Amino acid sequence: MPAVPPVASKTSPTFSPNDVTVLFVLGGPGAGKGTQCARLVEDFGFTHLSAGDLLRAEQTREGSEFGALIRDCIKDGSIVPMEVTVQLLENAMKDTIAAVRGGSGGAKARFLIDGFPRKMDQAFKFEEAVCPARLVLFFDCPEDEMERRLLERGKTSGRSDDNADSIRKRFRTFVETSMPVVDHYEKEGRVIKVDATPAPDAVYRDTQAKLTKVLGDNF
Ligand code: C5P
Ligand code: MG
């Protein structure tokens with residue numbers, strides 16, 4: 001990726017919502033976004049793109065100019081400059097669509113964009129330069145439950161940010177920087193909110209019911 005990612009200067013979207021359905025998936029760290037996305041992929045044929053996973057891959061990619069920057073932000077629970085993340089997502093969407101066209105083709109592409117947008121500038125840039133989003137799926141979970149899950153995951157995840165110090169910083173970033181994004185979309189009537197406190201099966205039943213109620217078959 002060039003030092004100034006091309007999306008930085010783009011002012012019209014690469015994809016039309018007529019061809020591509022985008023659902024943003026938000027929720028605090030440990031709310032269960034990835035777990036629920038994996039199930040939605042199986043039942044609805046979404047492609048799951050996790051912004052955090054794409055950043056971690058870019059961090060370790062040989063020759064990346066952004067490796068050190070991404071590493072510092074992740075450890076610190078702060079938000080990576082938006083051009084980097086938006087560009088990684090656009091690249092991944094293009095790759096996915098090219099792969100599908102090379103295969104069976106025809107069907108409308110559907111993406112779950114997980115852990116994104118975490119800051120208002122990411123939201124604006126993505127919708128301006130990549131694709132307008134259809135909805136936000138928001139997994140709502142109390143901090144003490146998220147902390148419990150993250151510390152449990154930290155025993156085996158190998159993630160540099162699944163420790164008590166980073167978790168505290170990530171919660172703070174979520175409240176101060178990411179919740180305003182949820183509030184913004186809520187005001188526009190584009191949020192589906194799901195209580196993510198129960199066990200994964202129950203959360204998924206609720207998610208599925210709410211999603212099909214709002215989207216029907218038309219997405
Ligand atoms: O979603 P996940 O917990 O995997 O994200 C890990 C980290 O990646 C975040 O704490 C943040 O530092 C970075 N990130 C970001 N912008 C996003 C998603 C993740 O800066 N949209
Ligand atoms: Mg995740």
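Indexing begins at 1, ligand by ligand and atom by atom, following the structure's order. Please read all numbers here as calculations on a predicted model, not as lab measurements.
- Test Leu49, Leu137, Leu54 against Ile113 for side chain to side chain contact (heavy atoms under 4.5 Å, CB included) and you get one pass: Leu49.
- The one candidate from Gln87, Met93, Lys94 that meets the side chain to side chain contact (heavy atoms under 4.5 Å, CB included) condition with Val130 is Met93.
- Salt-bridge check for Asp162 with Arg170: passed, with a basic side-chain N closer than 4.0 Å to an acidic carboxylate O.
- Defined by atom type and a distance below 3.5 Å, a donor-acceptor pair is present between the side-chain atoms of Thr14 and Glu90.
- Checked against a 3.5 angstrom limit, the closest N/O atoms of Arg118 and ligand 1 fall inside it.
- Taking a cut-off of under 4.0 Å to the non-hydrogen atoms of Gly52, the atoms of ligand 1 that pass are 4 (O), 5 (O).
- Proximity of Arg170 to ligand 1, defined as any heavy-atom pair under 4.0 Å, is confined to the side chain (atoms from C-beta onward).
- The aromatic rings of His184 and Phe124 lie perpendicular to each other, with more than 60° between the two planes, well past the 30° mark.
- Looking from atom 13 (C) of ligand 1 to the surrounding protein, the closest heavy atom is Leu55 CD1, 3.7 Å.
- Distances below 4.0 Å separate heavy atoms of Arg56 from the following atoms of ligand 1: 4 (O), 6 (C).
- The neighbour count for Lys193 NZ, taken as heavy atoms of other residues, nucleotides or ligands under 6.0 Å away, does not exceed 12.
- Atoms of ligand 1 found under 4.0 Å from any heavy atom of Ile79 (numbered from 1 in listed order, with element): 20 (O).
- The nearest protein atom to atom 18 (C) of ligand 1, hydrogens excluded, is given as Gly115 O, 3.2 Å; this is a heavy-atom distance.
- Heavy-atom proximity to Arg159, at under 4.0 Å, picks out these atoms of ligand 1: 2 (P), 3 (O), 4 (O), 6 (C).
- Annotation: Lys75, atom NZ; neighbour count of heavy atoms from other residues, nucleotides and ligands within 6.0 Å does not exceed 12.
- Surrounding CZ of Arg61 are more than 12 heavy atoms belonging to other residues, nucleotides or ligands, all under 6.0 Å away.
- Checking Ala51, Gly77, Ser78 against atom 12 (O) of ligand 1, the nearest heavy atom belongs to Ser78.
- Of all the atoms in ligand 1, the ones that sit under 4.0 Å from a non-hydrogen atom of Gln122 are 16 (N), 17 (C), 21 (N).
- Interface atoms of ligand 1 facing Cys73, defined by a heavy-atom separation under 4.0 Å, are 12 (O).
- Close contacts between ligand 1 and Ile74 involve ligand atoms 7 (C), 8 (O), 12 (O) [criterion: under 4.0 Å to a heavy atom].
- Ile79 and Phe24 fall into different hydrophobic clusters, where Ile, Leu, Val, Met, Phe, Trp and Tyr residues are linked whenever their side-chain heavy atoms come under 4.5 Å apart, directly or through other members.
- Of all atoms in ligand 1, listed by their number and element, those nearer than 4.0 Å to a heavy atom of Val80 are 15 (C), 20 (O).
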